[in-house]
Amino acid sequence: MSAQPGIDRGHTDDLMSFLRASPSPYHAVASAAERLEKAGFQRIEETASWDGAAGGRFVLRGGAIIAWYVPEGADPATPYRIVGAHTDSPNLRVKPIPDTGAHGWRQIAVEVYGGVLLNTWLDRDLGLSGRISLRDGSHQLVTIDRPLLRVPQLAVHLDRSVNTEGLKLDKQRHMTPIWGLGGVEEGDLIRFVAEETGVAAEEIAGWDLMTHSVEPPAYLGRDRELLAGPRMDNLVSVHAGTAALIAAASRQDLPYIPVLAAFDHEENGSQSDTGADGPLLGTVLERSVFARGGAYEDRARAFAGTVCLSSDTGHAVHPNYAERHEPGHHPRPNGGPILKVNVNQRYATDGAGRAVFAAACERAGVPWQSFVSHNSMPCGTTIGPITAARHGIATVDIGIAILSMHSARELCGAQDPRLLAKALHAFLEG
């Protein structure tokens with residue numbers, strides 16, 4: 001099979017492995033942490049006393065990770081260069097009382113998380129992932145990566161209008177997956193999860209479980225120049241940011257402190273203790289300043305010189321719906337990362353931010369594109385405006401262009417993840 005000229009598949013192959021290993025936000029931060037530890041970064045606890053020594057460190061909290069590298073000689077007022085991203089994706093999440101069913105079918109009660117494209121979860125083989133919380137206060141990852149659940153669509157014979165009037169789905173009535181036959185048994189799912197994870201069911205005190213498509217990511221197209229897979233929004237950015245931070249940490253003469261901040265709960269507003277609208281990032285950055293002997297004045301100076309690239313996916317021009325895109329701005333796959341602009345501050349980019357991003361892409365030898373929404377279409381948002389407003393940090397919204405955003409399976413150019421990582425690396429090195 002012929003290959004697309006110029007496509008270096010090493011980074012994208014590694015992204016595919018990262019996607020497979022990260023079916024939930026908790027898995028995503030564990031995957032990133034494993035890579036950071038191999039590169040010499042040290043995990044530190046929030047409850048511990050921090051020192052200001054040079055080197056790489058990271059903090060884990062739930063589905064969020066903050067990682068940073070302090071170069072030799074960094075003073076307390078050294079500014080940060082931050083890559084911001086999020087670990088969560090829209091999906092179906094298990095309810096507190098999960099066991100349900102009707103008419104001889106055993107089902108699992110789920111709640112819709114984020115802005116799900118509901119139809120993409122129909123007739124798809126689903127696994128179960130997330131974490132369980134044990135009575136001793138510890139947590140354990142859950143990975144059931146095989147066909148376990150399915151949300152069956154109604155046959156066309158029983159809904160003749162589906163192809164003329166459109167599919168109409170009720171989140172409560174139509175999205176409950178099946179997982180077997182028989183009567184409903186209270187506690188059945190958690191007993192099954194306990195068996196799968198090797199713990200006693202009575203030790204499980206809580207759970208954060210969700211569905212995921214078990215179909216692996218794959219190259220697509222005649223020349224394999226496209227990549228199809230789950231959770232690209234926004235694990236593409238988490239993966240690229242992790243790679244960029246590790247690469248930047250190999251330099252000893254960094255003028256900034258490079259940071260990766262990957263948050264949970266972006267898809268439902270970021271208002272949580274692990275979300276971008278929570279205090280986590282600010283607390284970590286402040287403690288790093290103070291651990292290096294700084295005071296509030298140093299913190300203020302460091303934040304004033306800090307820049308954040310909020311990296312999230314954006315919309316590639318859709319060939320079947322081109323009229324829904326701004327006619328002068330048509331981002332295309334494999335055209336490089338996109339600069340996302342909205343003057344109403346749904347994105348945080350301004351002219352000064354554009355200059356920072358353009359300079360990073362130029363240093364990296366990476367092409368880039370501009371994205372702005374059609375005036376008649378509401379614009380989505382990101383962690384960018386939240387980060388800018390909450391911390392007073394200059395923030396620029398960027399990402400890669402994809403199709404099928406918020407689908408169970410999304411599509412991007414196979415080259416764009418590597419181009420994004422190169423741009424982020426150049427940005428972090430300053």
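Worth saying up front: this structure is predicted, and the values here are computed from it rather than measured.
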(message) Go through it in stages, so that I can follow the logic: the residues are H174 and D170, the test is side-chain contact (heavy atoms from CB on, under 4.5 Å), and I'd like the CA-CA distance, side-chain angles, deciding distance and then a yes or no.
(response) CA-CA 5 Å; H174 299 149; D170 182 279; 3.7 Å; yes
(message) Set out, in order, the CA-CA distance, both residues' side-chain angles and the distance that settles side-chain contact (heavy atoms from CB on, under 4.5 Å) for I338 and I398, then state yes or no.
(response) CA-CA 5 Å; I338 56 175; I398 67 158; 6.0 Å; no
(request) Give the intermediate values and the outcome of side chain to side chain donor-acceptor pair (under 3.5 Å) for residues H27 and S129. (result) CA-CA 8 Å; H27 290 78; S129 58; 5.0 Å; no
(request) Go through the steps to decide whether R287 and T283 satisfy the test side chain to side chain donor-acceptor pair (under 3.5 Å), and finish with yes or no. (result) CA-CA 6 Å; R287 290 186 68 178; T283 299; over 6 Å; no
(request) Applying side-chain contact (heavy atoms from CB on, under 4.5 Å), run through F357 and T349 and close with a yes or a no. (result) CA-CA 10 Å; F357 178 64; T349 306; over 6 Å; no
(request) Check the pair F371, E326 against side-chain contact (heavy atoms from CB on, under 4.5 Å), reporting the backbone distance first and the verdict last. (result) CA-CA 8 Å; F371 171 83; E326 206 288 317; over 6 Å; no
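Note: F41 and Y69 have tilted aromatic rings, judged against thresholds of 30 and 60 degrees for the angle between ring planes. Ring-plane geometry between H325 and H330 is classed as perpendicular, the angle between the planes exceeding 60 degrees on a 0 to 90 degree scale with a lower cut at 30.
Atoms NZ and CG, from K95 and L189 in turn, are 14.0 Å apart once rounded to the nearest 0.5 Å. For the atom pair OG (S17) and NE2 (H239), the distance works out to 8.0 Å, reported to the nearest 0.5 Å. To the nearest 0.5 Å, atom NZ of residue K340 and atom OG of residue S370 are 12.5 Å apart.
Remark: the T382 side chain and the D397 side chain contain an N/O donor-acceptor pair separated by less than 3.5 Å. Side-chain polar atoms of D136 and S138 form a donor-acceptor pair below 3.5 angstrom. A side-chain N or O of S311 and one of S237 form a donor-acceptor pair less than 3.5 Å apart. Using modelled atom types and a 3.5 Å distance limit, the side chains of T274 and H265 yield a donor-acceptor pair. Judged purely by distance below 3.5 Å, without hydrogens or angles, the side chains of N91 and H212 never pair a donor atom with an acceptor atom. For the residue pair S22 / S31, a side-chain donor-acceptor distance below 3.5 Å is found, with atom types taken as modelled.
If you look at W68 and Y80, their ring centroids are not closer than 6.0 Å.
Closest non-hydrogen pair, P76 versus G294, comes out as CB-CA, 3.4 Å. Residues A64 and L280 come closest through the heavy atom pair CB-CD2, 4.0 Å. In terms of heavy atoms, D416 sits closest to G335 at OD1-N, 3.5 Å. Here the shortest heavy-atom pairing between L245 and V259 reads CD1-N, 4.2 Å. When all heavy atoms of R299 and V289 are compared, the pair lying nearest together is N-CG1, 3.8 Å. The two residues T176 and I108 make their nearest non-hydrogen contact at CG2-O, 3.3 Å.
When R9, R35, R20, R418 are each tested for a salt bridge (Lys or Arg N to Asp or Glu O under 4.0 Å) with D14, only one passes: R35.
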